[in-house]
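Report on one structure; see the data block that follows.
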Amino acid sequence: MSKNVRVRFAPSPTGPLHIGGVRTALFNYLFAKKHGGDFVLRIEDTDQNRYVEGAEDYIVESLSWCGIPFDEGPGKNEKFGPYRQSERKHLYKQYADQLISSGKAYYAFDTSEQLDAHRKGHEAEGKTFIYNWHNREKGRLVNSLVLTEAETQAKIEGGEHYVVRFKSPQDETLLLKDIIRGDISIDTNVLDDKILFKSDGMPTYHLANIVDDHLMEITHVIRGEEWLPSLALHQLLYDAFGWETPEFAHLPLILKPTGKGKLSKRDGDKLGFPVFPLEYTAPDGTVSRGYKEDGYFSDAVVNFLAF
């Protein structure tokens with residue numbers, strides 16, 4: 001490969017690290033090492049409501065026990081730091097503003113009650129409410145596409161809560177590439193205008209993720225297939241900023257023994273095996289089993305994840 005390979009594992013500190021997350025970290029690590037590249041750990045803690053004390057330490061200890069060391073991350077070789085999104089929040093507003101200036105995003109002032117009323121109205125007619133090209137400029141929704149610049153500014157200065165929404169394109173076919181799944185084509189008319197930034201100063205996952213991957217010079221995004229539906233938005237964001245897009249690979253999930261749905265802690269409890277690398281004590285005192293405490297060698301855990 002011509003450029004230095006840089007991959008990242010970016011868990012949220014909302015609880016213990018699931019064995020599926022360990023496998024994603026492992027595949028990132030192995031890919032980086034195969035190509036002589038860097039494996040980055042980034043903590044995606046923008047959702048402060050779900051933040052769990054001690055979860056970040058658990059993630060680092062789990063990776064360490066599994067023999068999956070990161071080259072860069074919190075407290076280690078921080079040349080693209082900081083590596084916690086909560087410490088990077090000063091960065092994101094300028095990128096949200098940039099999208100608004102270029103006409104790729106807009107302010108929306110709709111309250112949750114108003115949006116709920118729209119949803120219920122659509123449901124009553126047997127339809128699904130989507131906030132996008134077909135209704136964003138019709139006047140029924142409250143956003144900067146229908147308000148004057150002065151009205152928009154007055155709302156912001158008056159302290160009204162707002163979000164910044166991405167203006168997804170109309171009547172386009174988006175061609176996407178995935179290393180594992182090949183070529184994917186998406187009709188942009190089915191995409192909704194996702195929220196990128198909120199008036200509390202915090203970005204959503206989508207904006208923070210793209211900005212951080214770009215600033216940290218990530219070349220390959222290897223993540224679970226639950227993020228596949230977000231690929232279209234992420235590609236559109238890279239295009240909107242005029243940035244080079246990393247290569248994407250969406251890994252299949254570790255499934256329940258029945259093959260239906262993602263493996264959960266409940267499945268492990270029911271069938272007698274752990275789903276976390278290390279034992280974990282939740283804030284309410286509940287203890288979850290770990291492979292280490294159950295007597296498994298870390299090499300054996302990594303071996304079964306790799307195969």
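Values below: every heavy atom of this structure, side chains too, minus hydrogens, waters and symmetry copies.
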Next on the checklist: Go through it in stages, so that I can follow the logic: the residues are Y238 and H234, the test is ring-ring contact (aromatic ring centres under 6.0 Å, His included), and I'd like the CA-CA distance, side-chain angles, deciding distance and then a yes or no.
Outcome noted: CA-CA 6 Å; Y238 275 103; H234 294 175; 7.9 Å; no

Item to check | Chi angles and distances behind the salt bridge (charged side-chain N to carboxylate O under 4.0 Å, His left out) call for E123, K120 | outcome: CA-CA 5 Å; E123 280 166 18; K120 284 178 177 156; over 6 Å; no

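Using a 4.0 Å cut-off between charged side-chain N and carboxylate O, E72 and R42 make no salt bridge.
Remark: of the listed residues F304, Y280, W65, F304 is the sole one forming a ring pair (Phe, Tyr, Trp, His ring centres under 6.0 Å) with Y291.
Within a 6.0 Å sphere centred on CD of E244, heavy atoms belonging to other residues, nucleotides or ligands number 12 at most. Around NE2 of H161, the count of heavy atoms belonging to other residues, nucleotides or ligands within 6.0 Å does not exceed 12. By the 6.0 Å contact criterion, NZ on K33 is enclosed, its count of non-hydrogen atoms from other residues, nucleotides or ligands being greater than 12.
I195 belongs to a hydrophobic cluster whose remaining members, ordered by chain and number, are V163; membership requires side-chain heavy atoms of ILVMFWY residues under 4.5 Å apart, directly or through intermediates. Taking Ile, Leu, Val, Met, Phe, Trp and Tyr as hydrophobic and joining them when side-chain heavy atoms fall under 4.5 Å apart, one finds L255 in a cluster with L253.
The two residues Y162 and K93 make their nearest non-hydrogen contact at OH-CE, 4.5 Å.
The closest donor-acceptor contact from the side chain of T152 to the backbone of T148 lies under 3.5 Å. A donor-acceptor pair under 3.5 Å is absent between the side-chain atoms of T219 and the main chain of P246, judged by distance alone.
Remark: K76 is positioned above the aromatic ring of F70, its terminal NZ or CZ atom under 6.0 angstrom from the ring centre and at most 45 degrees off the axis. A cation-pi contact links R165 to Y131, judged by a cut-off of 6.0 Å to the six-membered ring centre and 45° from its axis.
Expressed to the nearest 0.5 Å, how far CD1 of I222 lies from CD1 of I179 amounts to 6.5 Å.
With sequence neighbours left out, the side-chain contact (heavy atoms from CB on, under 4.5 Å) criterion links K194 to D192, H206, L233.
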